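Atom set for the values below is all heavy atoms of this structure, side chains included, hydrogens, waters and symmetry mates excluded. This structure is a prediction, so every number in the text was calculated from the model and none was measured.
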Amino acid sequence: MANIQAIRGMHDVLPEQTPLWQYAEHTIRDVLASYGYSEIRLPIVEKTELFKRSIGEVTDIVEKEMDTFDDRNGDSLTLRPEGTAGCLRACLEHGLLHNQVHRLWYYGPMYRHERPQKGRYRQFFQFGVETYGMASPDVDAELLLLTDRLWKRLGIRSKVRLQLNSLGTIAERLLYREALVTYFQQHIAVLDEDSLRRLTSNPLRILDTKNPAMKDIVANAPELMDYLGEESRAHFHAILDTLQALGVAYEINSRLVRGLDYYSKTVFEWVTDELGSQGTICAGGRYDGLIEQLGGKANHAVGFAMGMERLLLLLETIDVKLEASVHVYVIRVGEQAQTIGLRLAEQLRSDMPSLKVQIDCAGGSIKSQFKKADKSGAAYALILGDDEVARGEIGVKSLRDATQAQHNLPLNEITTFLKTLNLL
């Protein structure tokens with residue numbers, strides 16, 4: 001009988017891969033905490049209606065990519081394809097938006113049923129950040145400063161670029177939409193199938209086409225910026241002024257529209273040239289209108305989402321110094337060493353709570369235990385045999401510096417010795 005394999009597009013994260021995930025997750029949480037953001041934990045499954053109302057029925061996500069099913073009660077449910085709608089639903093449901101300001105983040109798997117490719121999977125992980133109740137362009141800028149700081153902490157700032165645009169208000173976008181439809185109708189003979197479909201449903205998405213044959217037509221299309229009112233322009237330029245004042249480089253991309261219907265005013269993407277076609281690492285913007293769209297009172301919202309798989313692919317292009325998964329490895333040989341070795345490991349964990357101690361529980365010869373100690377990544381092996389036990393001593397061997405000879409210490413001095421090694 002053949003072994004059962006994982007679903008295509010859903011991947012296991014193996015033990016040798018998890019340290020990089022943990023490093024990135026820990027760094028992101030640290031940066032978010034430094035800006036005063038709080039975690040919210042959300043369901044993986046939501047009512048399908050939530051995404052149809054928020055994302056828009058005429059989008060690739062709703063039309064092609066959502067994993068939707070009927071439960072036993074006949075209700076249509078969907079594995080979340082993104083986190084903004086669920087976060088906003090939770091805030092409305094629990095009354096968090098009434099005369100309140102919130103800075104929130106969440107993390108977890110999202111699901112889109114599409115053709116898997118590198119950096120784009122059926123199950124993928126995202127950090128999402130959402131802010132509510134703030135109309136000022138300062139909060140838009142804060143999110144950009146936050147992500148800029150994160151890239152610096154991760155050591156990848158030189159590998160990413162910030163692209164910005166403004167979509168204006170809904171009214172301004174409707175005027176632009178009419179101009180865009182008129183323009184593309186004049187070139188209808190060269191529109192591809194997707195663009196023809198979007199022409200009547202969501203013409204702004206034509207600007208986001210990846211079809212190289214349409215590059216020139218899109219490049220000559222009307223500019224949205226020409227249709228923005230004074231308030232939208234002022235909001236956008238206030239963000240640009242802040243970025244300039246704080247030394248954050250950016251590019252204005254007039255064709256940046258984002259794939260979801262709920263965005264207004266600010267939209268942005270952090271992109272890289274290191275990952276081929278999957279070059280967007282982090283993206284977001286302002287979505288003031290979505291709160292009313294989901295039944296709440298008019299309010300302000302801006303946020304972003306960051307794809308972990310793509311971020312990790314980018315981190316793999318640099319030399320990331322990861323924390324050791326094991327600091328010391330305890331080797332036991334002989335009957336008397338078994339219990340004393342266990343007691344020693346527990347004592348070390350009590351004396352040095354951050355010390356990572358692994359003890360050999362499989363037995364075998366001292367040679368085989370040394371091989372496992374070396375494979376663990378530990379810096380030092382602590383050796384207990386019946387002879388050491390009889391003398392009240394313990395052997396210490398560096399596993400990373402061949403010039404250091406093995407030596408013995410009194411057993412009651414091992415904690416003091418380890419504290420001198422700067423292992424933590």
Side-chain angles (χ1 to χ4, degrees), residues 55-65 81-82 112 114-115 117-120 160-229 232-233 235-237 239-240 249-287 289 305 307 310:
I55 297 172
E57 293 204 44
V58 190
T59 59
D60 285 349
I61 295 175
V62 172
E63 288 183 334
K64 302 176 183 179
E65 299 171 3
E82 57 94 41
R112 297 188 188 178
E114 54 185 337
R115 183 174 65 85
Q117 51 190 295
K118 189 175 183 179
R120 192 180 185 95
V160 295
R161 308 188 317 276
L162 172 60
Q163 297 187 342
L164 287 163
N165 194 19
S166 176
L167 300 182
T169 64
I170 293 175
E172 291 160 356
R173 208 153 60 248
L174 285 175
L175 288 175
Y176 176 63
R177 185 185 189 280
E178 293 175 9
L180 209 55
V181 169
T182 299
Y183 170 79
F184 282 124
Q185 283 177 336
Q186 294 170 358
H187 301 85
I188 200 163
V190 294
L191 298 186
D192 59 22
E193 185 178 340
D194 272 348
S195 297
L196 286 170
R197 180 172 53 85
R198 288 168 172 164
L199 185 60
T200 55
S201 60
N202 194 349
L204 269 72
R205 293 289 285 118
I206 300 176
L207 300 175
D208 199 32
T209 180
K210 302 299 187 290
N211 185 348
M214 294 182 56
K215 182 179 179 180
D216 290 340
I217 296 169
V218 168
N220 292 314
E223 297 277 353
L224 176 54
M225 201 66 67
D226 295 335
Y227 293 81
L228 298 187
S232 292
R233 286 175 179 269
H235 187 100
F236 188 57
H237 285 290
I239 297 168
L240 302 185
Y250 63 86
E251 305 166 4
I252 296 177
N253 180 357
S254 61
R255 297 302 181 232
L256 178 58
V257 295
R258 301 297 302 131
L260 305 178
D261 285 354
Y262 50 61
Y263 285 108
S264 60
K265 292 188 177 176
T266 315
V267 288
F268 64 87
E269 291 186 357
W270 287 94
V271 299
T272 181
D273 297 322
E274 303 278 337
L275 303 180
S277 62
Q278 306 303 326
T280 301
I281 302 300
C282 171
R286 182 167 284 274
Y287 55 97
R310 295 185 193 180

Can you name the residues that form a side chain to side chain donor-acceptor pair (under 3.5 Å) with [X], not counting sequence neighbours?
| X | answer |
| --- | --- |
| Asp273 | Arg161 |
| Asn253 | Gln163 |
| Ser166 | none |
| Thr209 | none |

Nearest non-hydrogen partners of [X] and [Y], listed with the distance:
| X | Y | result |
| --- | --- | --- |
| Arg198 | Ile206 | CB-CG1, 3.9 Å |
| Asp226 | Arg233 | CA-NH2, 3.8 Å |
| Thr169 | Glu172 | N-OE1, 2.9 Å |
| Pro222 | Leu180 | CD-CD1, 3.9 Å |
| Phe184 | Ala221 | CZ-CB, 4.2 Å |

| said: In the structure I gave you, are the side-chain heavy atoms of Asn211 and Val218 within less than 4.5 Å of one another anywhere? | reply: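 No; the side chains remain at least 4.5 Å from each other.
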
| Going by heavy atoms in the side chains, are Leu207 and Leu224 under 4.5 Å from each other? |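 When only atoms from C-beta onward are counted, Leu224 and Leu207 do not touch, as no gap falls below 4.5 Å.
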
Please list all pairs passing the ring pair (Phe, Tyr, Trp, His ring centres under 6.0 Å) test where one or both residues lie in [range], with sequence neighbours left out.
| range | value |
| --- | --- |
| residues 265-284 | Trp151-Trp270 |
| residues 188-209 | none |
| residues 164-183 | Tyr176-Tyr227, Tyr183-His187 |

| For Ser264, does its backbone N or O pair with a side-chain atom of Arg173 as donor and acceptor, under 3.5 Å? |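 Absent.
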
Quick one: side-chain contact (heavy atoms from CB on, under 4.5 Å) partners of [X], sequence neighbours excluded?
| X | result |
| --- | --- |
| Ser254 | Glu223 |
| Glu178 | none |
| Glu269 | Leu256, Arg258, Val271, Thr280, Ala283 |

| message | Heavy-atom count check: over 12 atoms from other residues, nucleotides or ligands less than 6.0 Å from Ile252 CD1? | response |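 Atom CD1 in Ile252 is packed in, count exceeds 12.
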
Hey, what do you get for [atom1] ([X]) to [atom2] ([Y]), rounding to the nearest 0.5 Å?
| X | Y | atom1 | atom2 | value |
| --- | --- | --- | --- | --- |
| Gln186 | Ile217 | CD | CD1 | 11.5 Å |
| Leu204 | Arg177 | CG | CZ | 8.5 Å |
| His237 | Leu228 | NE2 | CG | 8.5 Å |
| Tyr263 | Leu167 | OH | CG | 10.0 Å |
| Ile239 | Thr266 | CD1 | OG1 | 3.0 Å |

| field | side-chain contact (heavy atoms from CB on, under 4.5 Å) evaluation trace for Met214 with Val190 | value | CA-CA 7 Å; Met214 294 182 56; Val190 294; 6.0 Å; no

| request: Check Met225, Lys265, Arg255 against Asn165 for a side chain to side chain contact (heavy atoms under 4.5 Å, CB included) and give me the one that passes. | output: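 The residue from Met225, Lys265, Arg255 that satisfies side chain to side chain contact (heavy atoms under 4.5 Å, CB included) with Asn165 turns out to be Met225.
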
| said: Going by ring-ring contact (aromatic ring centres under 6.0 Å, His included), name the residues that satisfy it together with Tyr287, two or more places apart in sequence or in a different chain. | reply: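 Partners of Tyr287 by the ring-ring contact (aromatic ring centres under 6.0 Å, His included) criterion, ordered by chain and then number, come out as Tyr262.
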
| Within residues 180-193 or reaching into it, pairs that qualify as salt bridge (charged side-chain N to carboxylate O under 4.0 Å, His left out) - sequence neighbours excluded |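 Qualifying pairs: none.
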
